[in-house]
Amino acid sequence: MPETTGGTLYVVATPIGNLEDITLRALRVLGEVDLIAAEDTRRTRKLLNHFALKTPCLSYYRENEARRGEEIMAKLLSGQMVALVSDAGTPGIADPGARLVNRVREAGLPVVPLPGASALAAFLSVAGQTGASHLFLGFLPGRSGERRKLLQSLATEPHPLVFYESPHRLLKSLADVLAVLGERRVVLARELTKIHEEVLVGELGALLARLQKRPAIKGEFVVLLAGAEPAALAAERPSGEDFAQLAAWYRDQAGLSLKDAARQMAIDLDLPRSQVYRRLLELWTTVHQGS
Ligand code: SAM
């Protein structure tokens, strides 16, 4: 452990289901620290019992995070070593972990990550997305009105949207997605690394109908929605009079590659694709050289 007068905060990833997914380093650090700040102490206690670890736990979750954050800071400043764990997976992703991380860093004390299981990374590893990027939303808002508003603001987002969802909200959220964004290709994972693990892939409407037929929705979910098709972007696209402006929009707003932009602009402008491609190549190369 690093030499400091104060303590260190270790941000420790824990399994999202299968306990074999704990790392050797996580086990060592969870056993060595003075205290574990846990989002769900019951769940963490089960994990610790399984590995015969006796480290004391203190609850640290969204509702008590301000008060508990101060207590944890006092312990760190007095030189104690603290581990932060979320209810499962990697702290700091869609949970209050980041607030404690910021406090500790602002106090000038070390914050050390211990990587491991993460619901997001496990999901992406089996989602089969060939593109490099996605937009991770954490949890969608709990209220339908706010949820729909957020979804509306993302209607033309070309990158896939990924979010976490709880069992009691899954059907309502998917219904809102269908109402606001329309049909989309979906990848939905449930209970990753657990006995009832499943990954469903299909069109949103059909998938929602299938889930609605289940007697109960159980488990924890991660959902990916395909990004907006270029057609859905058309409403926001500038007119084709200015070639350079349209090209910049396809690259910067729609996020299209040169090849895809050439295909789309050839349709928009009713020009041969090869001609559009050459002009785009010239334009984008010049812009890049100049920047
Ligand atoms: N910070 C953790 C991470 O990213 O690994 C996630 C914490 S977040 C409070 C909990 C959410 O992660 C759940 O509601 C669910 O959406 C997702 N999740 C956790 N475990 C999962 C699992 N085994 N399978 C699918 N999703 C899971």
Side-chain angles (χ1 to χ4, degrees), residues 9-23 25-26 30 36-44 46-47 50 57 59-65 68-69 83-102 111-129 134-143 147 150-151 160-177 186-201 207-208 211 214 216-225:
L9 179 72
Y10 294 91
V11 183
V12 182
T14 55
I16 58 168
N18 190 324
L19 296 186
E20 289 181 22
D21 292 333
I22 192 93
T23 68
R25 189 174 170 216
L30 290 177
I36 299 173
E39 195 182 5
D40 180 342
T41 47
R42 273 202 334 200
R43 200 159 165 177
T44 301
K46 270 191 202 159
L47 175 79
H50 183 84
C57 291
S59 71
Y60 175 78
Y61 48 87
R62 200 169 304 283
E63 288 72 23
N64 74 2
E65 141 304 283
R68 275 292 149 83
L84 170 68
V85 300
S86 81
D87 64 351
T90 301
I93 305 174
D95 65 26
R99 292 181 189 272
L100 186 60
V101 164
N102 288 336
V111 179
V112 175
L114 269 73
S118 151
L120 179 62
F123 171 74
L124 290 174
S125 74
V126 294
Q129 291 302 295
H134 60 268
L135 183 60
F136 177 59
L137 304 171
F139 288 95
L140 295 183
R143 290 168 197 230
R147 196 158 58 220
L150 174 74
L151 291 166
L161 303 174
V162 180
F163 57 92
Y164 287 162
E165 199 46 277
S166 65
H168 67 277
R169 271 214 303 255
L170 181 77
L171 296 183
K172 289 182 227 153
S173 284
L174 292 182
D176 279 347
V177 172
V186 175
V187 183
L188 182 147
R190 182 172 89 91
E191 297 287 82
L192 290 169
T193 81
K194 301 185 194 176
I195 297 170
H196 299 293
E197 172 180 282
E198 62 179 337
V199 179
L200 306 174
V201 181
L207 213 127
L208 179 57
L211 291 167
R214 293 189 175 182
I217 299 293
K218 290 186 183 159
E220 312 206 61
F221 296 85
V222 189
V223 182
L224 177 144
L225 308 168

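Read the numbers this way: they start at 1 and go in the same order the structure lists the ligands and their atoms. Side-chain atoms are counted along with the backbone in the values below, which use heavy atoms only and exclude waters and symmetry mates. All figures in this text were calculated on a predicted structure; none of them were measured in a lab.
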S.K.: So do the side chains of V11 and L100 get within less than 4.5 Å of each other, counting heavy atoms only?
M.R.: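 Counting from C-beta outward, V11 and L100 never come under 4.5 Å.
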S.K.: Is there a side-chain contact between I36 and L30 in this structure, where contact means two heavy atoms from C-beta onward sitting under 4.5 Å apart?
M.R.: yes
S.K.: Less than 4.0 Å between a side-chain N and a carboxylate O, is that true for R214 and E198?
M.R.: yes
S.K.: Identify the heavy atoms of Q129 and V187 that sit nearest to each other, and give their distance.
M.R.: NE2-CG2, 4.3 Å
S.K.: If you look at every heavy atom in L124 and H134, which pair is closest and at what distance?
M.R.: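 Shortest heavy-atom contact: CD1-CE1, 3.3 Å.
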S.K.: Using a 3.5 Å cut-off on N/O to N/O, what pairs does ligand 1 make with the protein? A line per pair would be great.
M.R.:
residue, atom, partner, partner atom, Å
ligand 1, 1 (N), T90, O, 2.7
ligand 1, 1 (N), I93, O, 2.8
ligand 1, 1 (N), D95, OD2, 3.4
ligand 1, 4 (O), Y164, OH, 2.5
ligand 1, 5 (O), T90, N, 3.1
ligand 1, 5 (O), A119, N, 2.8
ligand 1, 16 (O), E165, N, 3.3
ligand 1, 16 (O), E165, O, 3.4
ligand 1, 16 (O), F221, O, 2.6
ligand 1, 23 (N), I16, O, 3.0
ligand 1, 23 (N), L192, N, 3.3
ligand 1, 23 (N), L192, O, 2.9
ligand 1, 24 (N), L192, N, 2.8

S.K.: Looking only at heavy atoms, what is the nearest atom pair of E65 and P96, with distance?
M.R.: CG-CB, 4.1 Å
